[in-house]
Novice: 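Before anything else, here's the structure in question.
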Amino acid sequence: RLLNCTSLSYLRFMRELIKADFSCEKITSAAKHAELFSLMCHYDFWDKAGQQVGFDNIEQSLLALKSPALQSELNEVITLLIKRLNVKEFAMPKVNNTVVDNLPLNMHVRYPKEHILVAFGDSTFTKKSSSREGVLNIANANTELLFVTLNKCEKQFSATTMYHDYAISPTLFHWQTQNSARPTSGRGLGYIQQKENNKVFILFVREQAKDENGNTMGFVNFGPVDFVKYEGSQPMNITWKLKHPMPAYLWHETAKLAVG
């Protein structure tokens, strides 16, 4: 998963954790999100809830990674990844939402989905998130996460999930809801009433499900979006407005799909 993460803050945390022999107690200049970063690290290596892999706490999980050979190799990989970073990451705009405004996620950074689920508390040490769909409601944060895969492969997506999603401009995004959504009730009505409900929607986008090496791709954080308009029903075609223009390379990639 490290290869699918472009977060400088997380990579720096990992480098420090390796230097501390994976001991949380030894980290002195830990980022303010050290607890969440530690949990992200747990899922990067074990991919299961703690007790499913025999650990009672996060400290045990991380200390089990202590190995001179592994640490040396990881340090080299992380140093290389940091050198290769060409993402201009910056803080997400404030949206007057306590949970969202204190996230460890930055704009235009690519994150493995599990990192995003950890950040929002949907995956914890005792429970891995069961999220598999393109939308995830975080009830305690009055927030909904929208996960978009631009180039959908028929082998990985069923006919009912081949949604038509693309950029209209660097700040406008066309998004198709699930087939059950209608504008008169439920989730569909919730999109239209975003402002009245003071709800936050955050858009995460990736080019395709797998990269050229067959590895699962991470999602780029496009940040909070605002409802503009909709057309149709079951599914609804919604236009979202981004608070910051999307990264240029993804604007060119997603704009191609508008003619599809």
Side-chain angles (χ1 to χ4, degrees), residues 87-101 103 105-111 113 116 119-120 131 133-152 157 160-208 219-260:
V87 175
K88 291 182 179 177
E89 66 178 277
F90 53 98
M92 283 174 61
K94 300 295 182 187
V95 289
N96 295 317
N97 178 303
T98 306
V99 174
V100 176
D101 289 345
L103 286 172
L105 307 179
N106 283 331
M107 294 285 289
H108 297 178
V109 172
R110 188 183 300 276
Y111 294 99
K113 188 175 182 181
I116 299 166
F120 279 94
S131 170
E133 297 181 341
V135 293
L136 177 63
N137 189 52
I138 308 294
N140 69 320
N142 195 27
T143 297
E144 190 164 317
L145 313 182
L146 312 175
F147 294 99
V148 171
T149 300
L150 296 173
N151 299 304
K152 298 173 179 68
F157 291 83
T160 57
T161 58
M162 296 283 281
Y163 307 117
H164 196 201
D165 306 317
Y166 56 87
I168 299 167
S169 77
T171 55
L172 291 175
F173 196 88
H174 174 280
W175 179 76
Q176 202 167 61
T177 68
Q178 293 176 307
N179 290 326
S180 58
R182 58 184 74 196
T184 52
S185 63
R187 193 166 244 165
L189 181 61
Y191 297 134
I192 297 168
Q193 294 180 335
Q194 177 193 15
K195 197 169 282 187
E196 296 94 308
N197 297 333
N198 202 28
K199 187 151 187 175
V200 178
F201 293 92
I202 302 179
L203 183 62
F204 297 95
V205 178
R206 64 181 175 182
E207 298 88 332
Q208 59 257 346
F219 289 86
V220 176
N221 182 11
F222 277 24
V225 292
D226 294 320
F227 176 84
V228 177
K229 65 175 184 176
Y230 83 92
E231 293 176 355
S233 177
Q234 295 181 283
M236 296 164 61
N237 295 292
I238 292 178
T239 299
W240 297 105
K241 183 173 178 58
L242 282 62
K243 292 186 182 296
H244 286 280
M246 64 187 69
Y249 73 95
L250 270 173
W251 153 234
H252 296 306
E253 179 74 24
T254 177
K256 296 177 199 169
L257 300 170
V259 296

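Heavy-atom basis, side chains included; hydrogens, waters and symmetry copies ignored.
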Novice: Once you round to the nearest 0.5 Å, how far does NZ of Lys241 lie from OG1 of Thr171?
Specialist: 4.0 Å

Novice: Of all residues at least two apart in sequence or in a different chain, which pass the side-chain contact (heavy atoms from CB on, under 4.5 Å) check with Pro183?
Specialist: Ile192, Tyr230, Ser233, Met236

Novice: Could you tell me which residues satisfy salt bridge (charged side-chain N to carboxylate O under 4.0 Å, His left out) with Arg187, sequence neighbours excluded, listed by chain and number?
Specialist: Glu144

Novice: Sequence neighbours excluded, which residues qualify as ring pair (Phe, Tyr, Trp, His ring centres under 6.0 Å) partners of Phe173?
Specialist: none

Novice: Is there side-chain contact between Phe222 and Leu146, with heavy atoms separated by less than 4.5 Å?
Specialist: no

Novice: Could you pull out the closest heavy-atom pair between Gln234 and Ser180, with the gap in Å?
Specialist: CG-O, 3.9 Å

Novice: Would you say the side chain of Trp175 lies within less than 4.5 Å of the side chain of Val135, judging by non-hydrogen atoms?
Specialist: yes

Novice: Return each pair, listed once, that meets salt bridge (charged side-chain N to carboxylate O under 4.0 Å, His left out) where at least one residue sits in residues 173-183; pairs must be two or more places apart or across chains.
Specialist: none

Novice: Is the number of heavy atoms from other residues, nucleotides or ligands within 6.0 Å of CG (Asn96) greater than 12?
Specialist: no

Novice: Just how far is it from atom CD of Gln208 to atom CG of Leu150, taken to the nearest 0.5 Å?
Specialist: 8.5 Å

Novice: Please round to the nearest 0.5 Å and tell me the distance separating atom CH2 of Trp240 and atom CG of Leu172.
Specialist: 12.5 Å

Novice: What's the shortest heavy-atom distance between Pro170 and Leu242, and which atoms?
Specialist: O-CD2, 4.0 Å

Novice: Any sub-3.5 Å donor-acceptor pair from Asn97's side-chain atoms to Ala141's backbone N or O?
Specialist: yes

Novice: Determine all donor-acceptor pairs shorter than 3.5 Å in which one atom belongs to a side chain in residues 194-201; sequence neighbours excluded.
Specialist:
| from | atom 1 | to | atom 2 | distance (Å) |
| --- | --- | --- | --- | --- |
| Gln194 | OE1 | Phe227 | N | 2.7 |
| Gln194 | NE2 | Lys199 | O | 3.2 |
| Gln194 | NE2 | Val225 | O | 3.0 |
| Asn197 | ND2 | Gln193 | O | 3.3 |
| Lys199 | NZ | Asn137 | OD1 | 2.8 |

Novice: From Leu103 CG over to Ile202 CD1, what is the distance, rounded to the nearest 0.5 angstrom?
Specialist: 6.0 Å

Novice: When you compare the side chain of Phe219 with that of Val148, does any pair of heavy atoms fall below 4.5 Å?
Specialist: no

Novice: Kindly write out the residues that satisfy side-chain contact (heavy atoms from CB on, under 4.5 Å) with Lys229, not counting sequence neighbours, or none if the list is empty.
Specialist: Glu231, Thr239

Novice: For Phe90, which residues count as a side-chain contact (heavy atoms from CB on, under 4.5 Å) partner, sequence neighbours excluded?
Specialist: Met107, His108, His244

Novice: Would you name the heavy atoms of Asn106 and Ala91 that are closest together and state the gap between them?
Specialist: OD1-CA, 3.6 Å

Novice: Suppose we screen for salt bridge (charged side-chain N to carboxylate O under 4.0 Å, His left out). Which residues come up paired with Asp101, at least two apart in sequence or across chains?
Specialist: none

Novice: Between atom CG of Leu250 and atom CZ of Arg110, what is the distance when rounded to the nearest 0.5 Å?
Specialist: 6.5 Å

Novice: Rounded at 0.5 Å granularity, tell me how far OG1 in Thr149 sits from CZ in Phe204.
Specialist: 13.0 Å

Novice: Less than 4.5 Å apart, side chain to side chain, heavy atoms only: is that true for Ile116 and Leu145?
Specialist: yes

Novice: Does Lys243 have any side-chain contact (heavy atoms from CB on, under 4.5 Å) partners at least two apart in sequence or in another chain, and if so, which?
Specialist: Pro93, Val95, Pro224, Asp226

